[in-house]
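Written below as structure tokens is the structure these notes are about.
Owing to the predicted nature of the structure, the values given are computational and were not obtained by experimental measurement.
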Amino acid sequence: MCKLFVAVALLAITASAQPTPPTADQVKAELVAAGVSETAAAGLIAVGEKYKDQFIAAKGDKEAGKNVFDQLRTDAETYIKTQPESDQTAFVAFIQNKKAEFEANHGGPAPLSGV
């Protein structure tokens, strides 16, 4: 499950690292293009959307942001465990791709990549 923690972290980082975070539809389209089923992608988006306002409220407060992230991670982990292995595998591949993009664009490893 360590990969899931990294995955969720990278999704949050990807969203916050862009000048304008991607919309839920954009993220869902990327997940589906990476091989995650429509159902699993929609479920992951729903998990993330539950925490959107909390992340906005925590902006600038590292501890509050970490607490929100920990809650998101727990919910995402619980959700992804209910999905077929093919979705889990596609999701991990998607995250690995996002991690590589982050490292290429930021000149170093993604935060929490050692988790």
Side-chain angles (χ1 to χ4, degrees):
M1 279 293 113
C2 288
K3 288 182 181 179
L4 176 64
F5 300 147
V6 173
V8 174
L10 288 172
L11 281 177
I13 291 165
T14 298
S16 67
Q18 297 179 0
T20 304
T23 65
D25 288 339
Q26 289 169 326
V27 174
K28 183 179 177 189
E30 287 184 33
L31 286 164
V32 170
V36 176
S37 71
E38 289 273 344
T39 301
L44 288 166
I45 296 302
V47 169
E49 287 291 316
K50 284 183 7 183
Y51 294 97
K52 186 176 180 178
D53 291 338
Q54 292 177 47
F55 273 114
I56 291 169
K59 193 169 189 170
D61 182 343
K62 192 173 185 176
E63 187 62 30
K66 181 187 179 311
N67 290 337
V68 175
F69 174 76
D70 288 344
Q71 293 170 356
L72 168 64
R73 180 181 64 203
T74 299
D75 280 0
E77 180 180 304
T78 300
Y79 174 77
I80 203 69
K81 285 179 181 179
T82 69
Q83 299 307 297
E85 189 172 331
S86 59
D87 284 327
Q88 294 178 38
T89 300
F91 183 66
V92 168
F94 170 79
I95 295 306
Q96 289 172 343
N97 183 43
K98 288 296 181 184
K99 178 182 174 187
E101 286 178 18
F102 180 91
E103 290 173 352
N105 291 329
H106 295 87
L112 300 177
S113 62
V115 174

What are the two closest non-hydrogen atoms of [X] and [Y], and how far apart are they?
X	Y	value
Ser37	Ala40	OG-N, 3.1 Å
Ala58	Val68	CB-CG2, 4.5 Å
Tyr79	Thr39	OH-O, 3.1 Å

Euclidean distance, [Y] [atom2] relative to [X] [atom1], rounded to 0.5 Å:
X	Y	atom1	atom2	result
Leu31	Ile45	CG	CD1	5.5 Å
Gln96	Phe91	CD	CZ	11.0 Å
Lys98	Glu30	NZ	CD	3.5 Å

Quick one: which residue pairs count as a salt bridge (charged side-chain N to carboxylate O under 4.0 Å, His left out) with a foot in [range], not counting sequence neighbours?
range	value
residues 38-48	Lys28-Glu38
residues 86-97	none
residues 61-70	Lys66-Asp70, Asp70-Arg73

Q: Applying side chain to side chain donor-acceptor pair (under 3.5 Å), name anything that partners Glu101, two or more places apart in sequence or on another chain.
A: Asn97

**Q.** Any pair counted as side chain to side chain donor-acceptor pair (under 3.5 Å), so long as it reaches residues 45-54, sequence neighbours left out
**A.**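 Residue pairs with at least one partner in residues 45-54: Lys50-Asp75, Tyr51-Asp75.
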
**Q.** Gln26 side chain to Thr23 backbone, donor-acceptor under 3.5 Å
**A.**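 Yes.
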
Q: Look at the side-chain heavy atoms of Ile, Leu, Val, Met, Phe, Trp and Tyr, link any pair under 4.5 Å apart, and say whether Val32 and Val27 land in one connected group.
A: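 No.
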
Q. Can you name the residues that form a side-chain contact (heavy atoms from CB on, under 4.5 Å) with Ser86, not counting sequence neighbours?
A. Pro84

